[in-house]
S.K.: 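Sharing a structure, written as structure tokens. Questions coming.
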Protein chains: 2
Amino acid sequence: MEKKQRKLPDSCGLGPALAVIGGKWKALLLWQIHQAQPCRFGELKRLQPEISEKMLIQHLREMEADGIIHREVFHQVPPRVEYSVTPEGAELDLALAPLAEWGKEHQERTGRAKAGAARAARTAAEGATLG
Amino acid sequence: MEKKQRKLPDSCGLGPALAVIGGKWKALLLWQIHQAQPCRFGELKRLQPEISEKMLIQHLREMEADGIIHREVFHQVPPRVEYSVTPEGAELDLALAPLAEWGKEHQERTGRAKAGAARAARTAAEGATLG
DNA sequence: TAGGTACCTTACTTTTTTGTCTGTACTTGT
DNA sequence: ACAAGTACAGACAAAAAAGTAAGGTACCTA
């Protein structure tokens with residue numbers, strides 16, 4: 001197991017929380033699994049083509065170890081693995097909502113000049129992920 | 001300006017939020033400044049001796065650029081700089097609360113074996129930061 | 001003149017995180 | 001036979017974040 005982790009200072013519980021959700025794609029994955037439950041590995045890959053396979057499984061494994069998602073293997077001929085969020089993961093998703101809300105407001109307040117062009121391009125190209 | 005940043009994928013606003021608060025000590029700093037407002041540089045240094053001065057100003061500057069803290073310079077003989085949270089920063093602090101709550105519960109659920117000893121040691125040594 | 005305080009800045013090194021690429025085992029389609 | 005699909009594993013490299021150590025200003029005290 002290659003888990004060295006940044007080791008965040010914990011006071012008030014934020015450290016542990018950020019350790020769990022702090023990976024580059026983890027929040028996104030949690031949210032997507034929560035949406036399309038249960039979700040197969042290949043499905044997640046297709047939903048977020050920018051994530052490399054390595055990061056995808058790495059994050060999935062860590063999230064499983066942290067108890068926020070559940071992994072179920074079906075011993076079939078083309079292997080089949082399904083991911084779903086645990087109750088704990090669902091709570092985390094919920095706890096993340098105010099932060100997401102703040103983030104949205106924040107990017108509206110600031111990201112006009114820089115994000116404007118980039119966002120427009122992305123939106124036109126792929127149809128925007130959420131809002 | 002050396003701001004390359006991890007570039008989190010944004011959907012639902014979590015990306016921007018984590019970009020703002022994702023640094024190793026940022027959440028802690030925000031919380032501490034919020035507590036002891038207004039707060040001097042040296043004060044923060046004393047409150048969190050583990051942060052190197054470099055990371056301290058680097059984080060403070062980034063947080064200032066992100067508009068969550070305010071920096072005021074008094075041109076005095078030993079220089080004096082005071083930091084305080086902006087309204088936006090206060091909102092972020094608030095939005096962080098549920099996450100912190102989740103983190104606390106999470107570490108209670110899990111961190112018995114490993115955190116137990118370490119926490120006990122720290123608690124005895126310095127009297128615990130929050131809870 | 002040396003040392004101390006407060007608030008940084010800069011150069012450099014280490015650690016952590018993320019990405020790229022190649023390979024596995026097995027089956028189905030052509 | 002060979003490509004394609006599924007769900008990974010592992011070596012290696014690049015990038016980003018964090019840390020270390022030294023210096024710098026401006027003034028004050030001993």
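Since this is a predicted model, take the numbers as computed values, not measurements. Throughout, a chain's letter reflects where its sequence line sits, starting with A, and its residues are numbered from 1.
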S.K.: Counting heavy atoms from C-beta on, name the nucleotide in C/dG19, C/dC8, D/dA18 closest to the side chain of B/R71.
M.R.: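 So the side chain of B/R71 is nearest to C/dC8.
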S.K.: If you pin B/P79 and A/E53 to their nearest nucleotides in DNA chain C, which one's is more 5'?
M.R.: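 The 5'-side residue here is B/P79.
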S.K.: Measuring only between side-chain heavy atoms, which start at C-beta, is A/L60 closer than 4.5 Å to A/Y83?
M.R.: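 The answer is yes; the side chains approach within 4.5 Å.
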S.K.: Let me check the geometry of the helix from C/dT1-D/dA30 to C/dT30-D/dA1. What is the bend angle between the axes at its two ends, five pairs each, to 10°?
M.R.: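 Axis angle across the helix from C/dT1-D/dA30 to C/dT30-D/dA1, nearest 10°: 30°.
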S.K.: Which of the following nucleotides, D/dA18, D/dT6, C/dG19, is nearest to the side chain of A/P78?
M.R.: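 The closest nucleotide is D/dT6.
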S.K.: Checking all strands, does A/Y83 fall into the base, sugar-phosphate, or nothing category for heavy-atom contacts under 4.0 angstrom?
M.R.: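 It contacts sugar-phosphate atoms only.
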S.K.: Among D/dC8, D/dT20, C/dC7, which nucleotide sits nearest the side chain of B/V81?
M.R.: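 Of all the options, the side chain of B/V81 is nearest to C/dC7.
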S.K.: Just to be sure I understand the rule, does A/H75 reach a base, reach only the sugar-phosphate, or reach nothing, if contact means heavy atoms closer than 4.0 Å?
M.R.: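 Counting heavy atoms under 4.0 Å across all strands, no contact is made by A/H75.
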S.K.: Do A/L56 and A/L29 have side chains that approach each other closer than 4.5 Å (heavy atoms only, starting at C-beta)?
M.R.: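 Side-chain contact under 4.5 Å: yes.
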S.K.: Less than 4.0 angstrom between a side-chain N/O of B/R80 and OP1 or OP2 of C/dA6, yes or no?
M.R.: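 Negative; the distance criterion is not met.
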S.K.: Phosphate oxygens OP1/OP2 of C/dG19: is one of them under 4.0 Å from a side-chain N or O of A/K24?
M.R.: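 Yes, such a contact exists.
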S.K.: Kindly say if A/H59 contacts the phosphate of C/dT18, meaning a side-chain N or O under 4.0 Å from OP1 or OP2.
M.R.: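 So the side-chain polar atoms of A/H59 do come within 4.0 Å of the phosphate oxygens OP1 or OP2 of C/dT18, strictly under.
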S.K.: Of the nucleotides D/dA7, C/dC7, D/dC12, which one has an atom closest to the side chain of B/F41?
M.R.: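 From the listed options, C/dC7 comes nearest.
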S.K.: Using a cut-off of 4.0 Å on non-hydrogen atoms, how would the nucleic acid contact of A/Q76 be classed: base, sugar-phosphate, or nothing?
M.R.: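 Answer is nothing: A/Q76 stays at 4.0 Å or more from every strand.
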S.K.: Under 3.5 Å, side chain of B/E108 to main-chain N/O of B/E105, donor-acceptor pair present?
M.R.: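 It does not hold such a pair.
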S.K.: Okay, side chain of A/W102, backbone of B/E88: is any donor-acceptor separation there less than 3.5 Å?
M.R.: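 Flag set: sc A/W102 to bb B/E88 pair under 3.5 Å.
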S.K.: State whether the side chain of A/Q37 and the backbone N or O of A/V85 hold a donor-acceptor pair below 3.5 Å, judged by distance alone.
M.R.: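 Checking the backbone N and O of A/V85 against the side chain of A/Q37, a donor-acceptor pair under 3.5 Å is found.
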S.K.: Does the side chain of A/E53 reach to within under 4.5 Å of the side chain of A/I57, using non-hydrogen atoms?
M.R.: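 With C-beta onward as the side chain, the pair stays apart.
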S.K.: Tell me whether the side-chain N/O atoms of A/R61 come closer than 4.0 Å to OP1 or OP2 in D/dA9.
M.R.: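 Result: yes.
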